[in-house]
Amino acid sequence: MRAVAVFPRDRQVRVIDHPEPQIESPTQAKVRMINVGVCGTDKEIVAFEYGDPPAGSDYLVIGHESLGEVVETGPDVKNLRRGDLVVATVRRPCPHPECIACRQGRQDFCYTGDFTERGIKQRHGYMTELVVEEERYLNKVPATLRDVAVLVEPLTIAEKGLAQLLEIQKRLPWGCDESGRPTQHCHNCVVLGAGPVGLLGAMAFTVAGFNVTVYSRTQSHGDKDDIVSAIGAQFIAAEDHTVEQMAQMVGRIDVVYEAVGASALAFEVVQYLGANAAFIFTGVPGRKAPVPVDTDRIMRDMVLENQLIYGTVNAPPESFAAAIRDIGIFTQQWPDAVRGIITGRFPIERALEPLTGHTGGIKNIITLAS
Ligand code: BGC
Ligand code: ZN
């Protein structure tokens, strides 16, 4: 069967013939891939900056943002049937008995770093025709979400970030000054970036009750702005407004959801955080030259205003469940905006076009079956 593979040693990426996987344990299912998303991580892997093949293989089949259909189940698979749609999780636990996170199924918090990730680190991924996986790593998706469910995995980043935010902000137990809001924290959220992670995050924070502003370098006209307006959020174009002007327009910033991976911008925005605010880092910047930052000001403000910054990576099954639920809510509330995030669909033969990056658009996906 066909698969998109990267050969780091030969510095090559191509569509290869890859052996069809077989069910090897009674709790596994075989899944026919329908859609696989292309993200920044994939682009880094095909640029040979990231990613590792499985032990003993000279190539890695890439792809970790999946949607597939179950075609076969082992005898002990309990909740999946042929025809069910599923989105697979990405990370698999490390082998060390002392890693309490992995031992509890929370490899997204792995202590040792020896986890594996499908399509990224030492395990083949999903940009291929058929995949075999344990039932516990497959998340069932309603059939009505077939056309957008490939967005579930990139949405899990916001879902895990939000779940932690709600835990952390339990430290503010009096609720927000805006009465009637359900949770403990206040509600002005700035999303940095209007790529797929930023736009999906803007939707998730809106559904969670935040007043969302998206600050992005995107021109203020065009699809991204339309999507932001459709969800009732505010779009501020970075070309026309400095960070300081943006901060004035927003008022007190309670949460920042960073989705660009630009550290200079992130640390500039840190300086405008409100009292008791949280800043969520999700981007993975490439290593460039050092950037000057006013560390005294940042540290002073962080202490005097009880602020915190946290990074978040990967996601547990709960975040997949939350993402599946939210994608359903998004498609009810803003069907065109959600579909508008997927701007390019490519057959596997043309996978290198979005992967090597001159196609533009928001989210490009590979279509393997309809
Ligand atoms: C994936 C995560 C993964 C991370 C680091 C992201 O693109 O969505 O599942 O943990 O890359 O490899
Ligand atoms: Zn990704």
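Note that the coordinates shown come from a computational prediction; the quantities given were computed from them, not determined experimentally. Note that ligands are numbered from 1 as they come in the structure, with each ligand's atoms numbered from 1 the same way. In this chain, residues are counted from 1 in sequence order.
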Which side-chain N or O atoms in residues 296-304 pair as donor and acceptor under 3.5 Å with protein atoms at least two apart or in another chain?
| from | atom 1 | to | atom 2 | distance (Å) |
| --- | --- | --- | --- | --- |
| R297 | NH1 | Q271 | OE1 | 3.0 |
| R297 | NH2 | Q271 | O | 3.1 |

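The aromatic rings of F7 and Y59 lie tilted to each other, with the angle between the two planes from 30° to 60°.
At a 4.0 Å heavy-atom cut-off, ligand 1 touches E117 through the side chain alone.
Geometric assessment of K160 against the ring of F109 yields a positive cation-pi assignment under the 6.0 Å and 45° thresholds.
For ligand 1, the atoms sitting less than 4.0 Å from at least one non-hydrogen atom of Y50 are 5 (C), 12 (O), numbered in the order shown with element in parentheses. Less than 4.0 angstrom separates some heavy atom of V90 from each of these atoms of ligand 1: 9 (O). Heavy-atom proximity to H64, at under 4.0 Å, picks out these atoms of ligand 1: 1 (C), 7 (O), 8 (O). Close approach of ligand 1 to R91 (heavy-atom distance below 4.0 Å) involves ligand atoms 10 (O).
Under the 4.0 Å criterion applied to side-chain N and carboxylate O atoms, D52 and K121 are not assigned as salt-bridge partners.
For residues 272-282, the side-chain hydrogen bond (donor to acceptor under 3.5 Å, both in side chains) pairs, not counting sequence neighbours, are N276-N306.
Ligand 1 lies within reach of E153, whose nearest heavy atom is under 4.0 Å from it.
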